[in-house]
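The residues of the chain are indexed from 1 along the displayed sequence.
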Amino acid sequence: MHACSLAEPLVIKQLRAFGSRVIKNYPFCTFKVLLAWSNQQALTLGPSCGLFYYCSGRQKPPQFPQMGLWSPRNMANFRRVLAAWAVFVTVLGWPTNAKCAFKAIFNFGDSNSDTGGFYAAFPPASGPFGMTYFKRPAGRATDGRLIIDFLAQALGLPFLSPYLQSIGSDYRHGANFATLASTVLLPDSSLFVTGISPFSLAIQPNQMKQFKATVDELHSKGATYLPPPDIFGKSLYTFYIGQNDFTSKLAKIGISGVKQFLPQVVAQIAATIKDLYGLGGRAFLVLNLAPVGCYPSFLGQLPHNSSDIDEFGCMVSYNAAVVDYNKMLKEALNQARHTLPNDASVVYVDTHSALLELFQHPKSHGLKYGTRACCGYGGGAYNIDPKVYCGNTKVINGRTLVARACNDPENYVSWDGIHATEAANKLMTSAILNGSLFDPPFPLHKLCDLQPIG
């Protein structure tokens, strides 16, 4: 008799009931596979097994025909299933109280994961940023925490200190090289002309190399705010960058123009991963590009026809171009994976699908507003006026315009028309942690005793 194939227990995307029935991806549920059993004998492990799982959260557990998973008979066997599962885990030797294999996180990115780098180098943010969690501006382009913050919490690590922040930083558990407005490719103009950060992905790895050299040099001198030299092989390397390469020139050169240099973007990301492998990195998570066609800021600014708007209020052409880019990124990562030694894990993280789901069905996930910004000016469908950015005040034609934040950012997907709210970031992180967004599967739940994100 053969045991049922459980694959990776939390990677729902990959789970299959025997008979090639594929379980649908439900990214915002925390799925826990308890045991596999046959429809007739609850404690039998065999090729006729189905899968029992529990989905906690706002969504109801999906129903699957002809599996009988939620029948009274199966529910009556629930306690015996749990007992058998405990034995099953013991036999397989799976850890139940494991600590995290990752002692640090090194992040590369733009404003979607910047924890204060940009504002350490340039004038600090003001206004309502940070209002939800930090109760003050905290270097983040949202009302609270980012995906990288929640990920650090889940791994039992402190929030990442920005590499550019010289005062008050603690790098014992990693560093954040991301800065707001960063691109993958080197910018072709000054920050003060285009608004693009000088700290592109062509620069951030060089900062990482300098960081490692400093760690190696100062370790023997007893530096207490730096990690040990062996940390680099025990760290998680995360990437959330590429949005500004895609969007910064859309209004000027259009989708067809932007597509011309996107192959260079994905090639640079892949090359950076190979460079970091040479520094000792082994585990890489690369978050893909968000559905910018649903962003309130772009809906209010980029040229489009009413026929280009789908049933959810998003721009079809721009989102289609994002899908093309993400396919390109996925293939570049696949090629990088095959050129690196077998001890490297290069993982494509499909946060695009999670965020698109939030934009399309906000109320299904406890939110209210998809394509409307919390912080902005003008009201209307998008609450966006390109002349007055979130938190700013301007006098235009004798009128004082103030772009204020809403009182309930927890009900919004979009914070300021470009960045996600803390609420949306938390939901996306939950989808990451349950493993449903990883390709190929990545056993984060086995490598770390994941902590609740509150």
Side-chain angles (χ1 to χ4, degrees), residues 26-30 55-60 109-115 125 127-154 159-160 180 238 240 243 287-288 290-292 294-299 312-314 349-376 381-384 390-391 403-434 436-437 450-454:
Y26 284 81
F28 296 105
C29 293
T30 301
C55 168
S56 63
R58 295 185 176 90
Q59 284 184 310
K60 294 181 180 179
D110 52 30
S111 55
N112 290 310
S113 61
D114 181 3
T115 54
F129 291 90
M131 61 181 280
T132 297
Y133 182 80
F134 301 99
K135 310 302 180 185
R136 59 177 176 78
R140 293 153 173 83
T142 186
D143 62 306
R145 287 164 290 182
L146 305 165
I147 290 176
I148 192 67
D149 293 318
F150 286 117
L151 184 59
Q153 285 184 307
F159 294 149
L160 292 185
L180 181 148
T238 55
Y240 199 2
Q243 180 171 305
L287 281 62
N288 63 2
V292 300
C294 298
Y295 281 16
S297 180
F298 300 136
L299 282 164
F312 305 106
C314 300
V349 186
D350 187 17
T351 44
H352 171 277
S353 66
L355 186 53
L356 183 63
E357 167 67 17
L358 293 180
F359 276 123
Q360 293 179 341
H361 306 104
K363 293 181 180 179
S364 298
H365 307 287
L367 307 175
K368 293 181 180 179
Y369 309 105
T371 56
R372 177 183 170 89
C374 165
C375 187
Y382 309 129
N383 191 33
I384 286 295
C390 173
R404 294 186 173 91
C406 62
N407 294 322
D408 57 343
E410 70 277 6
N411 288 321
Y412 286 75
V413 176
S414 179
W415 164 243
D416 57 1
I418 301 175
H419 305 98
T421 58
E422 174 177 286
N425 284 327
K426 184 176 181 180
L427 286 166
M428 286 190 285
T429 308
S430 295
I432 292 172
L433 295 175
N434 74 31
S436 62
L437 305 183
L450 298 176
Q451 305 300 305
I453 54 174

Check side-chain hydrogen bond (donor to acceptor under 3.5 Å, both in side chains) between R372 and all other residues, then give those that pass, not counting sequence neighbours. none
One should read off an interatomic distance between S414 OG and I384 CD1, to the nearest 0.5 angstrom, of 6.5 Å
Any idea which heavy atoms bring L433 and L450 closest together, and the distance? O-CD1, 4.0 Å
Can you name the residues that form a ring pair (Phe, Tyr, Trp, His ring centres under 6.0 Å) with Y382, not counting sequence neighbours? none
Decide yes or no for S113 and I147: does some side-chain heavy atom of the first lie under 4.5 Å from some side-chain heavy atom of the second? no
Nearest heavy-atom approach of T142 to A420 is OG1-O, 2.7 Å
Taking every non-hydrogen atom, the tightest pair across C375 and N383: C-ND2, 4.2 Å
Do Q153 and F159 come close enough that some side-chain heavy atom pair is under 4.5 Å? yes
Hey, what do you get for C406 versus C374: SG atoms under 2.5 Å apart or not? yes
Short side-chain to backbone donor-acceptor contact, N411 and K368, under 3.5 Å: no
If the condition is side-chain hydrogen bond (donor to acceptor under 3.5 Å, both in side chains), which residues does D149 pass it with, not counting sequence neighbours? R140
Taking only residues two or more places apart in sequence, or in another chain, which ones meet Y240 in a ring pair (Phe, Tyr, Trp, His ring centres under 6.0 Å)? none
Do C390 and F129 touch side chain to side chain, with heavy atoms closer than 4.5 Å? yes
So, using side chain to side chain contact (heavy atoms under 4.5 Å, CB included) as the criterion, who are the partners of T238 when residues are at least two apart? I105, N107, I148, L151, L236, L285
Across all chains, not counting sequence neighbours, the side chain to side chain contact (heavy atoms under 4.5 Å, CB included) partners of D110 are N112, S182, I241, Q243, N244
Do W415 and M131 have side chains that approach each other closer than 4.5 Å (heavy atoms only, starting at C-beta)? yes
Would you say the side-chain atoms of D416 pair up with the backbone N or O of A373, donor to acceptor, closer than 3.5 Å? no
Side chain to side chain contact (heavy atoms under 4.5 Å, CB included) filter on P291, not counting sequence neighbours, yields C294, N319, H352, L355, L356, F359
Value rounded to 0.5 Å, distance of NE2 in H365 from CD in Q360: 9.5 Å
Please report the interatomic distance CG(L287) to OG1(T351), rounded to the nearest 0.5 Å. 4.0 Å
Kindly write out the residues that satisfy side-chain hydrogen bond (donor to acceptor under 3.5 Å, both in side chains) with D143, not counting sequence neighbours, or none if the list is empty. T132
Residues in side-chain hydrogen bond (donor to acceptor under 3.5 Å, both in side chains) with S297, at least two apart? Q301
Who passes ring pair (Phe, Tyr, Trp, His ring centres under 6.0 Å) against F150, sequence neighbours left out? none
Please give me the minimum heavy-atom distance between A354 and L437, naming the atom from each residue. CB-CD1, 4.1 Å
Side chain to side chain contact (heavy atoms under 4.5 Å, CB included) assessment of L367 paired with L427: CA-CA 10 Å; L367 307 175; L427 286 166; 4.0 Å; yes
Which pair of heavy atoms, one from P409 and one from T421, lies closest together, and at what distance? O-CG2, 3.7 Å
Taking the side chain as every heavy atom from C-beta outward, state whether I453 and K426 have any pair of such atoms under 4.5 Å apart. yes
What heavy-atom pair brings A141 and H419 nearest, and what distance separates the two atoms? O-CB, 3.2 Å
Kindly compute the distance separating CG (N288) from OG (S353), expressed to the nearest 0.5 Å. 7.0 Å
For the side chain of T115 and the backbone of L160, is there at least one donor-acceptor N/O pair under 3.5 Å apart? yes
